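Note that the structure is a prediction, hence the values are computed from the model and not measured.
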Number of protein chains: 2
Amino acid sequence: MAKRLLSFANLGHGVNVSAVTSPLAWEHVQPAAARRLLTGAIEAFAERGFQATTTRDIASRADMSPAALYVHYPSKERLLFEISLYGHRAALEILTAADTADTPADRLRAMVAAFTAWHAEHHTIARVVQYELAALSPEHFTEVATIRRAISSLIEKVLADGVSNGTFTVPDLPGTTLAVLSLSIDVARWYDPTRRPSPEALGATYADLALRMVQA
Amino acid sequence: MAKRLLSFANLGHGVNVSAVTSPLAWEHVQPAAARRLLTGAIEAFAERGFQATTTRDIASRADMSPAALYVHYPSKERLLFEISLYGHRAALEILTAADTADTPADRLRAMVAAFTAWHAEHHTIARVVQYELAALSPEHFTEVATIRRAISSLIEKVLADGVSNGTFTVPDLPGTTLAVLSLSIDVARWYDPTRRPSPEALGATYADLALRMVQA
DNA sequence: GTCTATAGAGGGATAGAC
DNA sequence: GTCTATCCCTCTATAGAC
């Protein structure tokens with residue numbers, strides 16, 4: 001396969017799922033062995049998917065025997081849940097922190113830019129967050145679904161505020177909310193840090209697109 | 001989990017992956033047993049993913065024993081490949097058939113509408129097409145990647161034509177191509193035929209969004 | 001807390017009868 | 001072309017030594 005491929009076509013084998021987020025972000029996971037397992041699991045789940053990832057693979061990425069995993073996590077699913085929960089919380093925090101401007105237009109711009117940049121910068125964990133939901137236990141899925149609703153509500157609220165004060169024109173509020181989220185989320189599927197624009201540049205571009213979507 | 005959920009949040013267990021495309025579309029797969037296996041595999045792969053689907057599951061959906069599968073297909077992966085290949089060809093044909101208008105704006109509108117509606121109407125097979133690429137063998141992936149490049153090229157060509165004749169303003173051609181494709185593709189992830197707009201309505205909406213993206 | 005060894009279950013694919 | 005039976009492997013998780 002040629003090196004020079006459009007990203008759209010180059011999404012199977014050989015996808016670059018590189019190093020992972022900033023290591024600092026996982027300092028709260030103690031001890032270090034548990035953290036190595038967690039970051040190894042993020043990479044493995046993002047590359048191969050939850051079902052195709054073996055506990056042996058995760059353990060070997062952490063330079064441990066398969067059995068050592070169970071000292072730190074009771075199951076493979078629990079590892080997925082902790083990753084998914086942390087990732088969803090991080091995405092919600094990013095969005096909340098960006099919601100500070102005075103006008104709906106400025107708020108939407110900042111929120112879409114931040115949400116998009118997060119999906120690009122942390123595309124590894126974002127892939128797990130967005131595409132491995134079905135592997136969670138029903139109870140664990142319920143828990144992250146609550147966070148997903150909160151994320152959706154934040155965007156819907158900004159759009160509604162823009163409609164209220166007359167700056168946005170949105171015929172279908174839930175549909176437009178979904179479209180705005182959709183564009184950012186899909187970044188996790190195709191983003192390749194070796195070829196694509198920086199997360200910040202992409203965020204700025206997508207923020208513009210979102211504003212055009214609501215005819216601001 | 002409450003019935004009334006925003007689609008964004010409702011993407012794990014309980015996703016509605018209903019009946020499948022039109023049965024007519026698979027008439028070329030003969031004999032009928034092979035067709036039952038293929039359509040069963042599409043539903044199973046879309047619901048659970050390739051790795052989580054067992055050959056026993058596929059066979060039982062076709063009311064057959066596990067062994068009977070191997071009379072019609074040499075492996076589980078081959079079943080995935082045939083689904084993926086057919087799905088990619090169908091998407092390319094849909095896009096090609098829609099590329100008939102005179103102006104770039106009308107062409108883009110028709111193509112995005114058709115491509116989006118296809119991902120909604122055939123969201124089951126579209127999920128397999130868009131999210132199970134990594135489970136293909138390297139050789140089979142190479143083959144569908146060719147079709148993916150053709151799809152991408154069709155969109156890029158329309159955008160380039162619009163830039164040439166001055167009706168579109170596109171600072172980043174590959175980036176905008178990807179964003180237009182991205183919005184349509186993500187439909188396969190969240191589309192729920194029991195709640196969402198009809199494929200045609202969604203296609204019309206997304207065609208408008210695409211035209212705004214290129215400032216037509 | 002880490003290891004080696006392994007239990008116990010399940011899955012892809014095949015053998016051989018009909 | 002479909003079945004029953006099963007091989008053989010891999011995988012999650014546990015047992016028990018250190």
Side-chain angles (χ1 to χ4, degrees), chain A residues 13 26-84 128 132 134-141, chain B residues 13 26-84 128 132 134-141:
Chain A
H13 298 272
W26 297 105
E27 265 182 351
H28 66 100
V29 179
Q30 293 292 347
R35 189 164 60 246
R36 291 205 314 273
L37 287 165
L38 200 85
T39 54
I42 292 171
E43 294 185 14
F45 292 161
E47 278 176 20
R48 315 188 196 293
F50 176 81
Q51 301 281 356
T53 298
T54 68
T55 52
R56 285 169 172 77
D57 182 6
I58 297 168
S60 77
R61 285 174 196 254
D63 288 315
M64 296 167 78
S65 75
L69 187 152
Y70 294 91
V71 173
H72 302 283
Y73 300 94
S75 68
K76 189 173 79 156
E77 191 275 342
R78 180 60 188 248
L79 212 30
L80 173 65
F81 172 58
E82 300 214 356
I83 293 165
S84 188
V128 182
E132 301 300 331
L136 291 167
S137 74
E139 295 73 21
H140 288 162
F141 173 73
Chain B
H13 297 274
W26 297 104
E27 264 181 353
H28 66 99
V29 179
Q30 291 294 347
R35 189 164 60 246
R36 291 205 313 275
L37 287 164
L38 200 85
T39 55
I42 292 171
E43 293 185 14
F45 292 160
E47 278 176 20
R48 315 189 198 294
F50 176 81
Q51 300 283 354
T53 298
T54 67
T55 53
R56 285 165 175 79
D57 181 6
I58 296 168
S60 79
R61 286 175 195 252
D63 289 315
M64 296 168 80
S65 74
L69 187 151
Y70 293 90
V71 172
H72 302 282
Y73 300 95
S75 68
K76 189 173 78 157
E77 191 274 342
R78 180 60 187 247
L79 213 29
L80 173 65
F81 172 58
E82 301 216 354
I83 294 164
S84 188
V128 182
E132 302 298 332
L136 292 168
S137 73
E139 294 74 22
H140 288 161
F141 173 73

Checklist outcome for this item: Side-chain contact check for T54(B): nearest option of dG11(C), dT2(D), dT2(C) is dG11(C)
Checklist outcome for this item: Testing dT2(D), dA13(D), dT2(C) for proximity to the side chain of S75(A), the answer is dA13(D)
Next on the checklist: Let me confirm one number: the OG-CG distance from S75(A) to L69(A), rounded to the nearest 0.5 Å.
Outcome noted: 9.0 Å
Item to check | Nucleotide dG1(D), atom C1' - distance to CD of Q30(B) in whole Å | outcome: 15 Å
Checklist entry - Starting at CG of L69(B) and ending at P of dA15(C), how long is that distance when rounded to a whole Å? => result 16 Å
Item to check | Residue K76(A), side-chain atoms from C-beta onward, closest of dC3(C), dA13(D), dT4(D) | outcome: dA13(D)
Checklist outcome for this item: Picking from dT2(D), dG11(C), dA5(D), the nucleotide nearest the side-chain atoms of A67(B) would be dA5(D)
Checklist entry - Which of the following nucleotides, dT2(D), dT4(C), dG11(C), is nearest to the side chain of R56(B)? => result dG11(C)
Item to check | Atom-to-atom span, CZ of F50(B) to C1' of dG11(C) - whole angstrom | outcome: 12 Å
Checklist entry - In Å, rounded to the nearest 0.5 Å, how long is the span from CD of E43(B) to CG of L38(B)? => result 11.0 Å
Next on the checklist: Checking the side chain of E132(A) only, and the main-chain atoms of F50(A) only, is there a donor and an acceptor separated by less than 3.5 Å?
Outcome noted: yes
Checklist entry - Taking the six-membered ring for Trp, are H140(A) and F81(A) parallel (under 30°), tilted (30 to 60°) or perpendicular (over 60°)? => result parallel
Item to check | Short side-chain N/O contact to dA13(C) OP1/OP2 from Y70(B), under 4.0 Å | outcome: yes
Checklist entry - Do the side chains of P31(B) and H72(B) get nearer than 4.5 Å, heavy atoms only? => result yes
Item to check | Atom pair distance, as rounded to whole Å: CE in M64(B) and P in dT2(D) | outcome: 4 Å
Next on the checklist: Rounded to whole Å, please give me the gap between CG in D57(A) and C1' in dT10(D).
Outcome noted: 14 Å
Checklist entry - R35(A) CZ to dG1(C) P: how many Å, rounded? => result 13 Å
Item to check | Rounded interatomic separation in angstrom, taking CD1 from I58(B) and P from dG11(C) | outcome: 12 Å
Checklist entry - Taking atom P of dG1(C) as reference, at what distance in whole Å does atom CG of L37(A) sit? => result 12 Å
Item to check | T55(B) side-chain N/O to dG12(C) phosphate OP1/OP2 under 4.0 Å | outcome: yes
